[in-house]
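Counting convention: from 1, in listed order, for ligands and their atoms alike. Keep in mind that what you see is a predicted model, and the values were worked out from it rather than measured.
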Amino acid sequence: MTAPTAIRRLNAADPDFAQHLDHLLSWESVSDDSVNQRVLDIIKAVRERGDAALVEFTQRFDGLAVTSMADLILPRERLELALTRITVPQREALEKAAQRVRSYHEKQKQDSWSYTEADGTVLGQKVTPLDRAGLYVPGGKASYPSSVLMNAIPAKVAGVPEVVMVVPTPRGELNELVLAAACIAGVDRVFTIGGAQAVAALAYGTESVPKVDKVVGPGNIYVATAKRHVFGQVGIDMIAGPSEILVVCDGLTDPDWIAMDLFSQAEHDEDAQAILVSPDAEFLDKVEASIARLLPTMERADIINTSINGRGALILVNDMQQAIDVANRIAPEHLELSVADPQAWLPQIRHAGAIFMGRHTSEALGDYCAGPNHVLPTSGTARFSSPLGVYDFQKRSSIIFCSEQGASDLGKTASILARGESLTGHARSAEYRIIADTEQGQ
Ligand SMILES: NC(=O)c1ccc[n+]([C@@H]2O[C@H](COP(=O)([O-])OP(=O)(O)OC[C@H]3O[C@@H](n4cnc5c(N)ncnc54)[C@H](O)[C@@H]3O)[C@@H](O)[C@H]2O)c1
Ligand SMILES: N[C@H](CO)Cc1c[nH]c[nH+]1
Ligand SMILES: [Zn+2]
């Protein structure tokens, strides 16, 4: 185990606070050249050697003694079998979570629309689901049945006909809950591959893995880096990296609750980030004491300890207003407003993947079953990204129908603008459709 937890303290009143905060937020591995090069090599190998490369990387990185791709494909019947192998309470919990996630995402569905102008011209937008989506479900340090639901259900709500899932199974351990979740969510095909090689396979296709239109889902640094590199060849949702939680607390929540909320994200990954901001210095002391007392009781104490030591912080601010400013600066994946009146502060929150309102709303409820998606932008990307949703699996085409009169009217405008750009082909194409005055007068 790493040295016992000594969580870093920052004070927003310090002159170099901004610098310390920037340092805290920088995620070193993001810019690690060796990870980048390794991922590029993996992508190249999968493009060139397809299934053979997948088998080799799976042997090397997941410790699987597989000999052919057939060992890495799970038929639908295997997913159905998993449903019979889990306990009744587990199945009920998965089904309840799935139903809540589905209801929430149904509200995000966008429909096609159009309107008709006076001369009969029709303008609109046609919404079409992707043909085939690739879901990355992480599986290195933990298994994530909940991520299966969060990835697959929005795709199915959007109407994607073929949903392909990849999930690593380190040392060959198949997680029955993951497979049961895939069955409940309606996943069409499952491959037990992970890391950069799985992302490359989905993006470029191999003899066995079909090429998809978009790769979505969270993962570790290898997965995140691979998604960056395949973007353009396929669509991606976002870069959802190691989990993060930022708790803003007025000092009146039970410190044990807050310590455990910080642990809940720190336990995902040594690179996860858990930060508490409060205007109450004594409260920060109490939470630090709770952390020290509760940490030895945690099954994943090692991972939590490394995460809290390396990337955690307790930040003292002058007042709640400054706490909100810090939250907007961090743009966290998860923001807990553990305060008396969260509604009062909500209008001022501009950047966060998901906002958990009030002392009773632990982030963990959102991870599993509240309904909103848990695949969220990390590393400050909530400044410009949104949670995974139905809209990630739908695309839009513009619809333009010009009536004869409409084409004539618009043709005059287009002609002027086209000639202004010296694009006479455009101009003459539009001008052909202009109805001559004599014709119009007849
Ligand atoms: N943002 C979200 O919505 C969300 C949800 C769940 C999990 N997460 C995050 O996803 C991440 C999951 O990471 P994980 O590691 O548990 O699983 P993972 O599936 O992302 O990664 C495991 C794979 O990484 C590859 N790998 C591991 N070491 C490698 C090496 N040295 N070289 C090349 N490839 C290597 C292997 O192929 C392995 O199969 C965590 O950071 C967790 O916090 C995020
Ligand atoms: N907190 C993760 C997203 O950052 C999602 C998750 C899955 N299981 C537990 N938590
Ligand atoms: Zn979580």
Side-chain angles (χ1 to χ4, degrees), residues 27 29-30 32 34-43 45-46 53-54 56-64 72 97 101 135-151 165-173 175 177-178 181 191-201 216-227 237-245 260-274 300 303-304 307 311 332-334 353-354 356 362-370 372-379 381-382 385 387-388:
W27 178 31
S29 351
V30 167
D32 184 331
S34 69
V35 169
N36 207 33
Q37 193 51 54
R38 175 171 283 200
V39 167
L40 283 172
D41 291 345
I42 292 172
I43 294 174
V46 173
L54 285 181
E56 265 174 49
F57 289 130
T58 305
Q59 289 168 348
R60 185 173 347 151
F61 297 127
D62 293 337
L64 254 71
L72 301 172
V101 172
L135 315 181
Y136 189 91
V137 174
K141 293 183 184 128
S143 291
Y144 290 104
S146 54
S147 298
V148 176
L149 303 182
M150 298 291 177
N151 277 284
M165 177 176 127
V166 292
V167 57
T169 54
R171 294 160 305 284
E173 290 154 20
N175 183 294
L177 276 169
V178 164
F191 296 90
T192 53
I193 52 177
Q197 59 276 18
V199 174
V216 305
N220 66 11
I221 184 65
Y222 298 98
V223 173
T225 307
K227 279 173 73 180
D237 50 345
M238 68 186 94
I239 304 296
S243 304
E244 306 161 359
I245 184 167
M260 200 54 73
D261 293 354
L262 298 174
F263 288 176
S264 78
Q265 296 310 288
E267 75 176 347
H268 277 291
D269 195 327
E270 290 87 351
D271 281 339
Q273 183 154 62
R300 295 165 75 90
I303 295 179
I304 296 173
S307 155
R311 303 204 66 216
E333 179 191 20
H334 306 106
F356 297 80
S362 72
E363 190 276 345
L365 302 181
D367 276 351
Y368 293 106
C369 51
N373 211 288
H374 81 201
V375 181
L376 299 165
T378 58
S379 305
T381 58
S385 287
L388 184 69

D32 vs I221, side chain to side chain contact (heavy atoms under 4.5 Å, CB included): CA-CA, chis, key distance, verdict: CA-CA 10 Å; D32 184 331; I221 184 65; over 6 Å; no
V199 backbone acceptor or donor facing K227 side chain under 3.5 Å: no
Atom of P138, atom of P168 and distance for their closest heavy-atom approach: C-CD, 4.2 Å
May I have every N or O pair linking ligand 1 to the protein at under 3.5 Å, one per line with atom names and distance?
residue: ligand 1; atom: 1 (N); partner: E333; partner atom: OE2; Å: 3.0
residue: ligand 1; atom: 3 (O); partner: H374; partner atom: O; Å: 2.8
residue: ligand 1; atom: 15 (O); partner: N220; partner atom: ND2; Å: 3.1
residue: ligand 1; atom: 16 (O); partner: G140; partner atom: N; Å: 3.4
residue: ligand 1; atom: 16 (O); partner: K141; partner atom: N; Å: 2.7
residue: ligand 1; atom: 17 (O); partner: G140; partner atom: N; Å: 2.9
residue: ligand 1; atom: 19 (O); partner: Y136; partner atom: OH; Å: 2.7
residue: ligand 1; atom: 19 (O); partner: G139; partner atom: N; Å: 2.9
residue: ligand 1; atom: 20 (O); partner: N220; partner atom: N; Å: 2.7
residue: ligand 1; atom: 21 (O); partner: N220; partner atom: ND2; Å: 2.8
residue: ligand 1; atom: 24 (O); partner: N220; partner atom: ND2; Å: 3.0
residue: ligand 1; atom: 31 (N); partner: R38; partner atom: NH1; Å: 3.0
residue: ligand 1; atom: 31 (N); partner: Y222; partner atom: OH; Å: 3.2
residue: ligand 1; atom: 32 (N); partner: R38; partner atom: NH1; Å: 2.8
residue: ligand 1; atom: 37 (O); partner: Q197; partner atom: NE2; Å: 3.0
residue: ligand 1; atom: 39 (O); partner: D62; partner atom: OD1; Å: 2.6
residue: ligand 1; atom: 39 (O); partner: D62; partner atom: OD2; Å: 3.4
residue: ligand 1; atom: 41 (O); partner: D269; partner atom: OD2; Å: 2.4
residue: ligand 1; atom: 43 (O); partner: S243; partner atom: N; Å: 3.1
residue: ligand 1; atom: 43 (O); partner: S243; partner atom: OG; Å: 3.0

Exercise: identify the closest heavy-atom pair between F61 and I42: CE1-CD1, 3.8 Å
Exam field: side chain Q273 to backbone R311, donor-acceptor pair closer than 3.5 Å: yes
Given I303, N220, D367, I304, the one that forms side-chain contact (heavy atoms from CB on, under 4.5 Å) with H268: D367
S243 (side chain) donor-acceptor with Q265 (main chain) under 3.5 angstrom: no
Closest non-hydrogen atom pair, N151 against G217: OD1-CA, 3.3 Å
Separation of E267 CD from K141 NZ (nearest 0.5 Å): 13.0 Å
Side-chain heavy atoms of T381 within contact of M238, under 4.5 Å: no
Neighbouring residues of ligand 2, heavy-atom cut-off under 4.0 Å: Y144, S146, S243, Q265, H268, E333, H334, E363, D367, Y368, H374
Which residues share a salt bridge (Lys or Arg N to Asp or Glu O under 4.0 Å) with D261, sequence neighbours left out: none
D62 side chain to T58 backbone, donor-acceptor under 3.5 Å: no
Total protein N/O/S atoms whose distance from the Zn ion (ligand 3) is less than 2.8 Å: 2
L72 vs F191 side-chain heavy atoms within contact, under 4.5 Å: no
